[in-house]
Each structure stands twice: as C-alpha cells, then as structure tokens.
Amino acid sequence: MFGILGKDMPVSQYLSTYAEVLINLGDSVQAVSVLEENIRKNPKAFYALFQLGRFAFDRGDFDEAESYYLKALQSDSPNMGPLYRNLGLTYSRKTERDKAIVALEKSLEYWDDPQIRNALGFLYSELGQAEKAAQYLSPENAGSPEEVAFVQAVLKGNQALGKSDFRTALSEYQKILPIYEEVDGKTKFPTFYACLLYTSPSPRDRTR
C-alpha cells in the first residue's frame, strides 16, 4: 500500500484499514499513531474516533474515551449501536449512572446486545430499582456459573442495600469478592468496593 500511495497518503480511509491491520496484529502503539494521523486528515472519521475511544477506555482514561466517543457521534456514518454502548460503559465507569442509562438504552434502539442489557440491569440494580433491573438482568441469561453467581449476588445485595439491610447486603457482596476479576466486575459493577466498604461494620461495631 505504501509502495503505491506513498506514506503521506491523501485518502484517510486507507489509514483506517492500515490501523485495523495493526490492531489485529496486536501493535496497539503503532495503531494509535495511525489513527491519530487519520483524525488529522479527516476529523470526522468514525472508525478512528471509535478506536481511539476504545484504546483510551482500556487504559483507564475515561474522560478521553468520552471525548472521542462524543466526537464520533458527529462523525461520518457512525455505527450507533456499538458507539452508544461504549459511551454508556464509559459513563458507568465514571459512576455517572444517569448518563450511562440514557446511552445504553439508546444503544438498544440500534442493537439488541446481551452485554447492553446486562449493563443496564446492573446500573438499575445499583440505583435500587429492582423491577427495572429484573427487566434487563436475569441469571438465566448469564453464561458461566461464576456469572450466574455474580448476577444473583449483585441483585440481592443491591436490593438489600436499598432497604438498609446492611447485614444481608454485606453477605451477598462477599460472595462477589472471589470472582470479581473473573467476571469483569470493574465494568459491570464499578462501585462494588465502595458498596462493600459501606456495608462493612466499622471498627467500633466489630468490638461489640
């Protein structure tokens, strides 16, 4: 490709193709460089904006991920389903639950993906809206036994927390600890450790 077009390629979509090859080869550093060059040539290139947002999310820079995804909404021919999903997951990691719910429900208008439904279920569960959570989240739809256990513990724990039943909530949250990383708990339940700490007895309580 470089031999035909030269490295200073005037057509930005070829850069997207090149970046995709690099991503598939696992060369993320070079891929990001090519994607950024793509944006310089075409600020409304959807693929480049979307992938740069994904790379930012993966390294934990959620503000930058949000920025790229919002720009991607104004890009040429955006793929709205995955875009709103990723934007919603980004808001979830920033604990901006209301924005996350709006984005994820918008994503469902374009793409009925189980991951989106699960994310919405966890968010509504965190907000104490058990009925709404149950509309999206069901243990029967989970995959592995660990995921089933995770879903059940989240639903029961958050429901108990909403009723100020801290003992039950703590008991359910403790079931999550051994499997939190295995089921990608950071994405599904980003406030887990805060909830666990909140329901744990204080040092004074432990001495009683």
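Please read these numbers as outputs of a predicted model, since none were measured by experiment.
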Chemist: Step by step, work out the side-chain hydrogen bond (donor to acceptor under 3.5 Å, both in side chains) result for Tyr173 and Asn158.
Modeler: CA-CA 9 Å; Tyr173 292 149; Asn158 288 343; 2.6 Å; yes

Chemist: Keeping Asn38 on the side-chain end and Val34 on the backbone end, is there a donor-acceptor pair under 3.5 Å?
Modeler: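 No; judged by distance alone, with no hydrogens or angles, the pair does not exist.
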
Chemist: Determine, step by step, whether Gln115 and Leu89 satisfy the side chain to side chain contact (heavy atoms under 4.5 Å, CB included) criterion, reporting the C-alpha distance in whole Å, the side-chain angles of both residues, the deciding distance to 0.1 Å, and the verdict.
Modeler: CA-CA 10 Å; Gln115 182 186 11; Leu89 293 176; 3.7 Å; yes

Chemist: Using side chain to side chain contact (heavy atoms under 4.5 Å, CB included), reason through Arg97 and Tyr124 one step at a time and then give a plain yes or no.
Modeler: CA-CA 9 Å; Arg97 297 186 187 91; Tyr124 277 119; over 6 Å; no

Chemist: Check for me whether Lys94 meets the cation-pi criterion with Phe62, that is, NZ or CZ under 6.0 Å from the six-membered ring centre and within 45 degrees of the ring axis.
Modeler: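 The answer is no; the distance or angle limit is not met.
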
Chemist: For Glu147 and Ile179, run side chain to side chain contact (heavy atoms under 4.5 Å, CB included): C-alpha distance rounded to whole Å, both residues' side-chain angles, the deciding distance at 0.1 Å, then the answer.
Modeler: CA-CA 8 Å; Glu147 290 172 335; Ile179 57 174; over 6 Å; no

Chemist: State whether the number of non-hydrogen atoms from other residues, nucleotides or ligands found under 6.0 Å of Asp98 atom CG is greater than 12.
Modeler: no

Chemist: Tell me the closest heavy-atom pair linking Ala65 and Ala56, and the distance in Å.
Modeler: N-CB, 3.6 Å

Chemist: Answer yes if the ring centres of Phe192 and Phe122 are under 6.0 angstrom apart, and no otherwise.
Modeler: no

Chemist: Just one of Leu108, Ile116, Leu104 clears the side-chain contact (heavy atoms from CB on, under 4.5 Å) bar with Tyr136, so which one?
Modeler: Leu108

Chemist: Decide yes or no on ring-ring contact (aromatic ring centres under 6.0 Å, His included) for Tyr68 and Phe57, but give the supporting numbers first.
Modeler: CA-CA 10 Å; Tyr68 277 122; Phe57 182 94; over 10 Å; no

Chemist: Which atom pair, heavy atoms only, marks the closest approach of Gly157 to Ala169?
Modeler: O-CB, 3.5 Å

Chemist: Test your reading of the model: is there a side-chain donor-acceptor pair from Arg93 to the backbone of Lys186, 3.5 Å cut-off?
Modeler: yes

Chemist: What are the two closest heavy atoms between Ala103 and Tyr91, and how far apart are they?
Modeler: CB-CD1, 4.4 Å

Chemist: Examine distances only and state if a side-chain atom of Ser200 and a backbone atom of Leu196 form a donor-acceptor pair shorter than 3.5 Å.
Modeler: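 Pair found, side chain donor or acceptor close to backbone of Leu196.
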
Chemist: Output, in order, the C-alpha distance, side-chain angles, deciding distance and verdict of side chain to side chain contact (heavy atoms under 4.5 Å, CB included) for Lys175 and Gln152.
Modeler: CA-CA 10 Å; Lys175 297 176 184 177; Gln152 290 174 332; over 6 Å; no

Chemist: Return yes when atom NZ of Lys132 has more than 12 non-hydrogen atoms of other residues, nucleotides or ligands closer than 6.0 Å, and no otherwise.
Modeler: yes

Chemist: Taking atom CZ of Arg167 as the centre, report whether more than 12 heavy atoms of other residues, nucleotides or ligands fall under 6.0 Å from it.
Modeler: no

Chemist: What heavy-atom pair brings Thr90 and Glu66 nearest, and what distance separates the two atoms?
Modeler: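 Scanning both residues, the minimum pair turns out to be CG2-N, 3.9 Å.
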
Chemist: What is the minimum heavy-atom distance between Gly81 and Ser107, and which atoms define it?
Modeler: O-OG, 2.6 Å

Chemist: Distance check, rounded to the nearest 0.5 Å: Asn118 atom CG versus Ser125 atom OG?
Modeler: 12.0 Å

Chemist: Please answer: with hydrophobic residues joined when any side-chain heavy atoms are less than 4.5 Å apart, are Tyr110 and Tyr47 in the same cluster?
Modeler: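 No, Tyr110 and Tyr47 fall in different hydrophobic clusters.
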
